[in-house]
Every structure is written in C-alpha cells, then in structure tokens.
Amino acid sequence: MKNAAAKSLLLPTQHLRRSADTSAAANEYAAKLQLCFERGPPGYALAAVIHAHMIASGFSPRAHILNRMISFYCKSSNLDYAKKLFDKIPQPDIVARTTLLAAYSSTGNLKLARKTFDSIPLKIRDTVCHNAMITCYAHNNDGHKAIHLFNEMRRNNFKPDNFTYTSVLGALSLVADREHHCQQLHCAVVKSGTSFVTSVVNALISVYVKCAFSPLTSSSLLMKSARKLFDEMLTKDELSWTTIITGYVKNEDLDSAKEVFDGMDEKLVVAWNAMISGYVQKGFVFKVFEMFRKMHSLGIKHDDFTYTSVLSACADAGLFLHGKEVHAHILRTEAKPARDFLVSVNNVLITLYWKIGNINIARNIFDSICVKDLVSWNTILSAYVSMGNIHEAKTIFNKMPEKKSMLSWTVMISGLAQQGSGEEALQLFNEMRPNGLEPCDYAFSGAITACAVLASLEQGRQLHGQLIRLGFDSSLSAANALITMYARCGVLDSAQNVFDRMPCLDSVSWNAMIAAFGQHGHGGRALGLYEEMLKEQILPDRITFLTVISACSHSGLVEQGKKHFESMIKVYKISPGEDHYARLIDLLCRAGKLTEACDVIQNMTHKPGAQIWEALLSGCRLHGDIELGAHAAERLVELIPQHDGTYILLANMFSTAGRWDDVARVRKFMRDRGVKKEPGCSWLEVENKVHVFLVDDTVHPEVKLVYDYLKELVTRIRDLGYVPDTKYVLHDMESEEQKEYALSTHSEKLAVVYGILKLPRGVPIRVFKNLRICGDCHSAVKLMAKAEGREIIVRDGKRFHHFKDGVCSCRNYW
DNA sequence: GTAGGGTTAG
C-alpha cells in the first residue's frame with residue numbers, strides 16, 4: 001500500500017524536471033506537499049522524497065515551500081535537518097521562525113525555543129509566535145513566565161486571540177496564586193470577546209476545576225463557577241464534557257460527575273474512562289467493573305486507558321483474580337501483541353503481578369516492554385523494594401537509563417530505610433546532590449525515616465534544619481516523617497511541636513502522633529488525640545486502630561482498647577486483620593486476661609497466624625503460664641520455625657520458673673535447627689557519632705572505662721536497694737556471682753554508663769536497643785537515673801522507657 | 001506556524 005501511495009504521489013514528476021523554477025512547478029510541489037500533509041505521519045516521510053526531487057532537479061523553493069519542508073522535518077523528528085534548512089534561508093519569515101520555535105517547544109528544549117523567539121526581529125513579531133512561546137513555558141512547568149510573557153505581549157500591543165487564552169489559562173494550573181490570575185484572565189477573556197469560543201471556555205472551566213482541586217480553596221464554590229460556564233456554553237464539544245466530568249471526579253463529587261455523564265447523548269470513550277478513574281480513586285471497585293461491562297455490552301470499545309484504570313483498581317483492591325481475568329480478556333479481544341499496548345497498561349500489569357506475589361511474571365512483562373518509560377523502571381524498582389529484595393532493586397537502580405527521576409531515588413531511599421538499612425539510605429540521599437539532583441520533600445522523608453530507624457537524632461535534626469531552609473517544612477510527607485523520627489528518637493516534645501505547627505494534617509499525621517504518645521506510655525494522651533481527630537472529621541483508618549489499640553496496651557487501658565476494637569468493626573466497618581487481633585490479644589495478655597485472650601482466638605473468623613501466637617506467648621511469659629505458653633510456642637514453631645524470638649521467649653519463660661532442663665532443651669532445639677539468637681545490642685549517639693555496645697562487649701575502644709565505672713555505680717545503686725534479679729539469666733550457672741556478672745554485661749547497661757560518662761549533665765541520655773529491655777536492666781537503670789540525677793531514655797524493640805528519679809514512665813507495665 | 005480532556009510508580 002505504502003509503495004503504491006508513494007508512486008501515485010511521485011508519478012507526474014517528469015514534466016517538473018523540465019519546468020524547474022517556474023511558478024507552475026512551485027504550484028505542483030505545493031499541491032503535492034499538501035497531499036503529504038493530509039496523509040499524516042506516513043506522508044511526512046514522503047515529503048522528504050519530494051524534497052529530494054526538488055534538489056535533484058535544481059528547483060530553488062521559495063519561502064512558502066521551504067517553510068512547509070521545515071515543518072515536515074520537525075514533525076518527523078528530524079529537527080537537526082530542519083535547522084539546517086532554516087539556516088539556509090537568508091531572511092526567514094515569521095512562519096519559518098514560529099515553526100522552528102514550536103518544534104523546540106514540543107521536544108522540551110526550552111532554551112533553544114527562547115533563543116529562537118528572542119532572535120525574531122521586533123517588527124515581524126505577531127500574536128502567533130507569542131502563543132507558541134507561552135505554550136512552551138506551560139509545557140516546561142513555568143506558569144509565571146507564561147503569564148509574564150502574556151502581560152508583555154499586551155503591553156506591546158499584540159492582541160491576544162483564542163489560542164493565547166487557551167495557552168495561558170493552561171499554564172495557570174502550575175502557579176500557586178492561580179485563583180487570583182484566573183479571575184483576572186476571566187475578565188480579560190470577556191473583554192476580548194473570545195468568551196463564546198468553545199476552546200477558550202473549555203480552558204476556563206479547566207482552570208476553575210484545578211483551582212477547586214486545592215486544600216486551601218472552597219472547592220464547591222469554584223466547581224459551581226465551572227458548572228455555570230459549562231451550562232451556559234453555546235456549543236459544547238467533546239472536551240467540554242470530559243473537562244467538567246473529570247473536574248467533578250478530581251474533586252471527588254462523583255454524583256455530579258455521573259449526572260453530567262448521564263446527560264451526554266453520545267458517550268465517548270474518554271468520558272467513560274474519566275468516570276471509571278473516579279470510581280477507581282474512590283475505591284468503588286464494583287462500580288468500575290459495572291462500567292467496564294456496560295461499555296462492552298453497548299459496543300463501546302475499551303481502550304488502553306480503560307485497561308489501565310481497571311487493572312489498577314484490581315491491584316489496589318487486592319482483587320487479583322479479577323485482575324487476571326481482565327488481563328485474559330484483553331489478550332483475547334485485542335488483536336495487537338502485548339508489547340504494542342500503551343506502556344501504562346504494561347506498567348500496571350507489573351504492579352498487579354508483583355502484588356499477587358509473582359515477581360517473575362512481573363519481571364517478564366517488564367523485560368518485554370520495548371520502550372520502557374520511567375514509570376516502568378520505577379514500578380519494577382518499587383516491586384523489588386517492597387518485596388525486600390534490595391539486591392535486585394540496586395541492580396535495577398544502577399541499570400536505569402539516562403536520568404533517573406526523583407521518584408527512583410525516593411523509592412530506593414525510603415525502601416532502604418523501611419527495610420532497616422538506614423545507613424545505606426542516608427548514603428544514597430547524600431549522593432543525590434553530586435548527581436545534580438536537589439532532593440525533594442519525599443526524598444527528605446525517606447532520609448528522615450532512615451534517621452528514625454538508626455535513632456540518629458543529630459542527623460535527623462540537621463535534616464529538619466535543611467528542610468526549613470529549603471522551605472519544605474510545610475510538606476506533609478516530610479512533617480509526617482519528622483513526627484515519627486522525633487518520637488522514635490525519644491524526643492516526644494519535638495514530635496508534638498512539628499505536629500502542632502503543621503498547616504494541614506492527614507490521617508498519617510494523626511496516626512503518627514497517636515503512635516508516638518502510645519510508644520512513650522502516654523495512653524491517655526493518645527486516646528485524647530484520637531478523640532480530637534474524630535472531632536476534626538478525619539476518618540480513622542486501619543492503621544489508626546492499630547496505634548490506638550497498641551497505645552491502650554502499653555498503658556494497660558484494657559476496657560478502652562476493647563471498646564475501640566469493637567467500634568472499628570461496628571462504627572467504621574473496618575474488618576479487623578490479623579494485626580488488629582494480635583494487638584487485642586497483646587492488650588488482654590499484658591493485663592493477665594489470658595483466658596479471655598484464648599476466647600478471642602477461638603472466635604476469630606480466620607486462622608490465627610504467627611502474630612497472634614507471639615502475642616499470646618509473651619503474655620504467658622509475663623504471667624508465668626507455662627502450659628499455655630508452650631502451646632503457643634508450638635504453634636509458632638510450626639508457622640515460623642526459623643524465628644529466634646519464639647525460642648528466646650520460651651527459654652525466658654522456663655528460666656524464670658527455674659526449669660533449667662527445659663531451657664537446655666530449647667537451646668539444643670535451636671542448635672539442631674540452626675536458629676541463631678539475634679545478639680542483643682544497644683547504641684547511643686555522642687557528638688554526632690553512633691556508639692554500639694554488644695553483650696559482654698570487648699570491641700568498643702573505651703570499654704575498660706565503662707566496666708570500671710559500671711562496677712562502682714552498681715555498688716552505689718545497691719545502697720539504694722538494687723538487688724540483681726538473676727532469674728533473667730538464661731544460662732544455668734553455678735554461682736550467683738557468675739549470674740550477676742552475666743547480667744552486668746547486658747548491652748543496655750554498658751550504653752547507659754557510656755552516656756553518663758560522655759554526655760554533659762542536663763542532657764538526657766538516649767539509648768536504643770534492638771531487643772526488649774531485660775527486667776534486671778529495667779530496675780538497675782531506674783536507680784542509675786536516681787543515683788546520677790539524670791534523665792535516661794531507653795527505646796527497646798517495642799516502646800520507650802523514660803527513667804527519672806528512680807521511676808520509669810511505663811510504671812513497670814510493659 | 002500556535003491551544004485544551006482520560007492512565008500507571010512513592
């Protein structure tokens with residue numbers, strides 16, 4: 001076909017050869033180029049053939065034909081050649097210059113576009129070249145420059161036309177004070193007489209919609225203005241309908257969106273897609289399927305955008321079977337091969353399959369995409385990160401072509417931080433600037449999370465300082481990370497300061513602050529904040545309830561905790577997950593209500609998993625119920641045989657009861673199965689450096705100093721009533737002395753002593769431990785705080801202990 | 001020669 005078309009276009013060229021340079025030849029060429037233009041992209045390539053013919057026949061084209069040629073070369077992305085042609089023109093006219101300018105604009109080359117614009121002599125400038133330059137700014141996310149140029153052109157008496165208004169209105173969505181500009185431009189539109197032009201009104205509607213979509217404005221009022229414009233339009237086109245529908249969708253007013261949608265005579269695929277994406281965002285998955293099926297039955301063909309939305313709905317909602325069905329449906333009904341789908345379809349398929357747990361299929365899809373975009377790379381990257389395969393994630397990260405996006409870095413940084421590799425996360429964060437990328441607020445959130453993991457308060461504070469200097473301190477994600485960081489570093493006041501100063505809060509902020517109070521043993525304040533959250537009309541989510549129930553558990557507020565668990569189900573219609581049950585069990589067990597906990601387990605709808613048994617086991621250890629504890633441990637070993645915590649808890653329980661044979665049996669069991677106990681270690685920050693102590697440490701350079709002072713301090717606290725509690729020794733040792741020595745080498749004691757020696761008086765000592773604090777250390781540190789007159793804060797694996805004047809904030813309830 | 005809508009990743 002293509003060849004035939006080419007022949008028909010080229011056929012009558014014989015006589016052109018003879019009549020070069022005549023105006024007849026020029027007309028003939030012009031007519032042919034017009035045909036090429038009408039043919040679309042395949043025609044652009046043919047234009048090059050005609051051009052070759054001109055050159056071969058010695059025809060020297062005039063401005064009009066040259067301009068068309070430049071335009072064709074630009075369209076077929078042969079910009080370099082277009083520029084060469086352009087340079088041959090002695091005095092290019094405004095059309096040639098604007099063509100080139102627009103070509104630079106569409107390839108994202110702002111600098112060259114501006115240079116081209118600046119080189120246009122003032123006397124030949126017109127409205128159109130201004131329009132092109134304004135569009136270029138809009139596409140390069142520089143709304144202010146677009147507005148500036150718009151004002152400048154008016155000052156210079158160029159009359160804005162409908163193109164000008166649509167472009168500059170489009171650029172408005174990118175500026176902060178868009179509402180102000182929007183009103184001014186609306187007036188200008190009315191005065192200019194373009195307010196009846198469909199495209200201009202469409203742009204106005206679109207701006208009102210975008211202004212509405214902002215937390216700082218009254219969205220319903222602005223949506224009403226948009227709707228009024230829409231209703232009063234003389235002629236509506238496809239775009240008018242879809243703009244108002246997506247406007248409602250974006251502002252979460254699906255009812256109004258549906259009302260407009262229903263009023264369309266001929267519903268276009270885009271309108272369907274807009275509605276579907278609204279239902280996806282709201283999580284109305286079954287509405288999504290309903291629309292998807294209805295399209296099919298009405299004979300409206302799904303397109304790649306439809307697939308993308310529907311598949312992402314499945315992935316988000318965890319409806320993996322549905323997702324697979326949709327995938328199968330696509331493969332059945334589409335004639336084109338999978339790799340010819342819009343890249344977004346394949347991207348969302350990657351998400352779907354890794355969420356199913358099938359990273360291999362996800363990887364195959366990724367590998368099969370011919371032209372991967374940044375989203376493809378970032379999706380597979382976050383897939384590996386979320387699955388904890390940091391190794392493969394790093395490989396992908398390093399393989400990413402040309403410029404990684406900001407997102408690639410943030411995925412990697414926060415992924416590393418969440419997986420516990422805080423140091424690597426910070427290292428990567430520090431590599432951003434040398435790579436020419438100024439970290440955004442999300443990158444900061446990741447780095448701050450890393451500080452939370454490392455309990456590195458100093459570095460966290462420095463990042464906070466940078467945030468303020470860069471003006472990111474109002475960022476939600478960064479502030480949320482700061483709350484958690486300060487809380488996890490033991491500085492509750494600072495966490496609350498950040499929370500109190502936030503201009504707007506989301507559920508993550510509330511959850512983080514409630515969790516902070518909970519971990520620090522302020523159950524009452526946690527519940528108070530929860531009540532406040534409800535008053536502010538913030539809907540609690542499943543995370544909220546996890547933190548609320550934990551907070552109750554840490555403070556022994558059993559009845560309240562049970563009440564909130566109930567209300568989660570009955571009032572907020574959130575079905576409890578295993579994690580919720582585990583916290584309920586924990587709440588009951590700590591309070592000694594083991595029988596009630598067992599009742600809950602028996603009445604659970606789903607099979608109890610590891611989290612449940614672990615909560616029961618630690619409750620049994622606390623209250624010395626060996627039989628029940630052993631039962632829970634058995635279940636745990638069945639489920640997660642390699643988990644060291646189970647054996648430790650069990651051994652602890654036996655040793656407390658003095659059943660040394662059983663302790664030995666557990667230890668042998670561990671050896672046989674190759675389960676290793678995670679060694680206890682504690683750390684603290686002194687002068688911006690992290691000092692780590694292991695049990696019975698011999699590695700730290702100043703350990704001698706620590707042991708000497710510890711020995712002296714223990715004698716002093718004995719006078720205050722300290723009696724070493726040797727039931728916390730896990731080994732069966734011959735003498736009490738040996739046992740006492742074993743206790744005295746616990747890492748948390750060493751770290752606390754190091755803090756006493758190194759940190760100036762008046763500065764609280766903040767120690768962090770990977771495992772839970774031992775009971776003997778707990779009573780020793782209480783008295784150390786008293787003897788030294790210092791505030792000591794210990795964060796263990798589960799919560800905080802604030803020691804002061806011989807008491808702990810947990811009131812011995814942990 | 002110039003403009004405007006629907007999708008995916010944290």
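Just so we're on the same page: letters track the sequence lines, and every chain starts at 1.
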TODO: Answer with yes or no whether A:T99 presents, from its side chain, a donor or acceptor under 3.5 Å of a partner atom in the base of B:dG1.
DONE: no
- [ ] Answer yes or no: is there an ion pair linking A:D118 with A:R114, defined by an N-O contact shorter than 4.0 Å?
- [x] yes
Task: Between CD1 on residue A:I365 and CG on residue A:N346, distance to nearest 0.5 Å - done: 6.5 Å
- [ ] Round to the nearest Å and state the distance from A:W241 atom CH2 to B:dG6 atom C1'.
- [x] 17 Å
- [ ] Would you say whether A:F305 stacks on B:dT7? The test is a distance between ring centres of less than 5.5 Å and an angle between planes of less than 30°.
- [x] no
TODO: State which of B:dT7, B:dG5, B:dA3 makes the closest approach to the side chain of A:T243.
DONE: B:dG5
TODO: With heavy atoms under 4.0 Å as the rule, sort A:A203 into base, sugar-phosphate or nothing.
DONE: nothing
Task: hbond_proxy A:D237 side chain to B:dG4 base (donor-acceptor, 3.5 Å cutoff) - done: yes
Open item on the list: Checking A:R363 against A:Y384: is there a side-chain donor and acceptor pair closer than 3.5 Å?
Closed with: yes
TODO: Please work out if A:L342 contacts a base, only the sugar-phosphate, or nothing of the nucleic acid, heavy-atom cut-off 4.0 Å.
DONE: nothing
Open item on the list: Is there, by distance only and without an angle test, a donor paired with an acceptor across the side chain of A:S382 and the base of B:dG10 below 3.5 Å?
Closed with: no
Task: Donor-acceptor pair present, A:D303 side chain and B:dG6 base, under 3.5 Å - done: yes
TODO: Could you tell me which residues satisfy side chain to side chain contact (heavy atoms under 4.5 Å, CB included) with A:D161, sequence neighbours excluded, listed by chain and number?
DONE: A:T127, A:N131, A:F163, A:T164
- [ ] Report yes or no: is the cationic atom of A:K355 (NZ for Lys, CZ for Arg) under 6.0 Å from the centre of the six-membered ring of A:F320, at an angle within 45° of the ring normal?
- [x] no
Task: Separation of B:dG6 P from A:M275 CE (nearest whole Å) - done: 15 Å
- [ ] Starting at atom CG of A:N273, determine the distance to atom C1' of B:dG6, rounded to an integer number of angstrom.
- [x] 5 Å
Open item on the list: By the 4.0 Å heavy-atom rule, please label A:H64 as base, sugar-phosphate, or nothing.
Closed with: nothing
- [ ] Give a yes or no on whether a salt bridge exists between A:K145 and A:E152, defined as a side-chain N under 4.0 angstrom from a carboxylate O.
- [x] no
Task: Partner set under side chain to side chain donor-acceptor pair (under 3.5 Å) for A:N78, not counting sequence neighbours - done: none
TODO: Answer yes or no: side-chain N or O of A:S344 and base N or O of B:dT7 forming a donor-acceptor pair under 3.5 Å.
DONE: yes
Task: Spacing between A:N202 atom CG and B:dG5 atom C1', to the nearest angstrom - done: 9 Å
TODO: Enumerate the residues from residues 412-422 of chain A whose closest heavy atom to DNA chain B is under 4.0 Å, giving them by residue number; use none for an empty result.
DONE: none
Task: Flag for A:Y248-A:E259: side-chain donor and acceptor within less than 3.5 Å - done: no
Open item on the list: Looking at the base of B:dG1, is there any donor atom on it, or on the side chain of A:D126, that sits under 3.5 Å from an acceptor on the other one?
Closed with: yes
TODO: Say whether A:Y137 and A:H144, considering side chains only, have a donor N or O and an acceptor N or O under 3.5 Å apart.
DONE: no
Task: Value in whole Å for how far the P atom of B:dG6 lies from CG of A:L239 - done: 9 Å
Open item on the list: I need the CE-P distance between A:M291 and B:dT7, as an integer number of Å.
Closed with: 13 Å
- [ ] State whether the distance check finds a donor on one side and an acceptor on the other, under 3.5 Å, for side chain A:T98 versus base B:dG1.
- [x] yes
Task: Among B:dT2, B:dG10, B:dA9, the one nearest A:T379 by side-chain distance - done: B:dA9
Open item on the list: Can you tell me if A:K250 touches the phosphate of B:dG5, counting only side-chain N or O atoms and a distance under 4.0 Å to OP1 or OP2?
Closed with: no
TODO: Please state whether the phosphate of B:dA3, meaning OP1 or OP2, lies under 4.0 angstrom from any side-chain nitrogen or oxygen of A:S199.
DONE: no
TODO: Take atom CG of A:L268 and atom P of B:dG6, then tell me their distance rounded to the nearest Å.
DONE: 14 Å
Task: For atom CZ of A:R114 and atom C1' of B:dT2, their distance in whole Å - done: 16 Å
TODO: Determine the contact category for A:S206: base if any of its heavy atoms lies under 4.0 Å from a base atom, sugar-phosphate if only primed atoms, P, OP1 or OP2 are that close, otherwise nothing.
DONE: nothing
